[in-house]
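Notes to accompany the following structure.
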Amino acid sequence: MFSRKALQVSPSPTMSIDARAKQLRSEGQDIIGFGAGEPDFDTPLHIREAAVTALEQGFTRYTPASGTPELKEIICKKFLQDHALQYKPQQIVVSNGAKHSLTNIFTALLNEGDEVIIPIPYWVSYPEQVKINGGLPVFATTKKEHGYKLRGETLKKYITPRTKALILNSPGNPGGQVYNRAELAELAEAALKYNFYIISDEVYEKLVYDGREHFSIASLGDEIKKQTVVVNGVSKTYAMTGWRIGYTASATEIAALMSGIQSHTTSNPNSIAQRAALAALGGPQDCVEVMRRSFLERRDYALERINKMPLLTCTEPQGAFYLFVNVEETFSRKFKNVTVTDSDHLAALLLEHYLLALVPGKGFGAPGFVRLSYATSLENIRRGLDRLESFLKELQ
Ligand SMILES: *Cc1c(COP(=O)(O)O)cnc(C)c1O
């Protein structure tokens, strides 16, 4: 008999749509992909050069399991500069991507049956990672009129004596929501009162729009900082998804646990990628702004078009690079005599008949929605939205 924990895990739906689209493309089909959760830009040159230099210098051996001292120093400096947050290097753990950082956190914190509150819509991997580590995901509803952000009074309804942590993702994937200081303060107050951890996934922190500011909940005060594990990484900010570098900042005791776990599971993240991350975090930051402006231009174009289309509605994403589109009005309409049943079906029809890849909302806890990534060229976005529009016109 296989592991009960393993059997509970569903494979990542975003990765599988992407794989299917890539397969069709390799068969010569003109697929337009809105599925990918990664920047389409190349990693900036100075970062790639740092990796080449590391290789040439023979920086190819084991490093300390939780990352090199230089990289941890730069990460501490970043927290200080960006959020006035003071961490010591022993509070930082560098891992193989933020996804790995998150599994380390759950392994370090969860006992069998511990509950982890996850606001809907959520990033697909949170519930699966919680389950892999023996925890119980507890899904918290959010409201459209609150911009799909969790409010303090709603959070309280989900708190039980078994509540171990709340996962916060701001800017959010897939919803694009960005929590402001007051909204975070409500959640922090509950975490302090009922004594649970906040796991704050901030991988999209540099991708915020319209003059909004990303605020880290850890910076609200010393007490909440101790109860928060901040997760970040270089994938989304520096177009470095393939390099696999993520990191956490937490209380020293939690960092020590994660570091111990990592020393027995993966050892250090790739030494060359650590040097590249050092160049990313310590080098010039103008590349980040150039990419952010591109994303913003694409968001504006795509959002305007989507909201002019019949049957679709989408609230304005405040950050990240996704549109989370309500498609409920397409359900029970007919496409070539077939009734559209749900967003899985809708996505399948679009891929098959219009060669358009997007991700159905079920995996994000919102089956009435689909996620469109605008991390692709304006030209692709234009052509993809043309296809979506033609599809909608065919619905009866
Ligand atoms: C992409 C993503 C991650 C994982 O990033 P990696 O550093 O590439 O592992 C974590 N959280 C969210 C919300 C993401 O979208």
Side-chain angles (χ1 to χ4, degrees), residues 12-18 34-41 43 47 67 71 75 78 92-106 116 118-130 132 137 148-150 165-179 198-208 214 216-217 229-249 258 262 265-266 269-270 273-274 276-277 280-281 288 291 295 317-324 359 361 363-366 371-376:
S12 167
T14 52
M15 295 251 169
S16 60
I17 286 275
D18 202 44
F34 288 159
E38 61 178 340
D40 55 317
F41 304 107
T43 303
I47 299 173
L71 183 52
I75 291 168
K78 179 223 163 296
I92 307 296
V93 176
V94 184
S95 302
N96 299 285
K99 196 179 258 188
H100 182 213
S101 302
L102 283 157
T103 62
N104 280 339
I105 296 169
F106 297 127
V116 178
I118 307 176
I120 298 171
Y122 48 78
W123 185 51
V124 292
S125 295
Y126 299 141
E128 307 311 310
Q129 291 197 345
V130 167
I132 290 169
Y148 300 109
K149 290 182 261 191
L150 183 65
L166 163 69
I167 302 180
L168 258 187
N169 177 211
S170 175
N173 171 9
Q177 69 280 2
V178 176
Y179 284 70
I198 304 246
I199 298 165
S200 184
D201 180 345
E202 304 182 5
V203 298
Y204 292 100
E205 70 165 336
K206 299 296 180 187
L207 296 175
V208 287
H214 162 73
S216 177
I217 194 165
V229 185
V230 180
V231 184
N232 210 323
V234 296
S235 284
K236 309 294 162 59
T237 304
Y238 301 98
M240 291 178 70
T241 43
W243 298 79
R244 312 308 305 129
I245 297 290
Y247 55 87
T248 54
M258 293 194 289
Q262 187 160 300
T265 48
T266 61
N270 180 291
Q274 287 193 70
L281 293 165
V288 177
M291 291 189 272
F295 287 130
Q318 305 170 337
F321 42 63
Y322 309 98
L323 297 182
F324 204 48
V359 189
F364 306 101
R371 191 191 76 174
L372 277 70
S373 162
Y374 51 88
T376 183

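Residues take their numbers from the sequence shown, with the count starting at 1. First listed ligand is number 1; within each ligand, the first listed atom is number 1.
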Between Leu166 and Leu150, does a side-chain contact (heavy atoms from CB on, under 4.5 Å) hold up when you go through it step by step?
CA-CA 11 Å; Leu166 163 69; Leu150 183 65; 3.8 Å; yes
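In plain terms, the two heavy atoms of Glu38 and Ala375 that are nearest each other are O-CB, 3.2 Å.
When heavy-atom distances to ligand 1 are checked against 4.0 Å, the residues falling inside are Gly97, Ala98, Lys99, Trp123, Tyr126, Asn169, Asn173, Asp201, Val203, Tyr204, Ser235, Lys236, Arg244, ordered by chain and number.
Shown here are the side chain to side chain contact (heavy atoms under 4.5 Å, CB included) partners of Ala276, two or more places apart in sequence or in another chain: Ile47, Ala51, Met240, Trp243.
Side chains of Lys149 and Tyr179: no donor on one and acceptor on the other come within 3.5 Å.
Remark: of the listed residues Trp123, Phe295, Phe321, Phe321 is the sole one forming a ring pair (Phe, Tyr, Trp, His ring centres under 6.0 Å) with Tyr204.
Aromatic pair Tyr148/Phe324: ring centres not closer than 6.0 Å.
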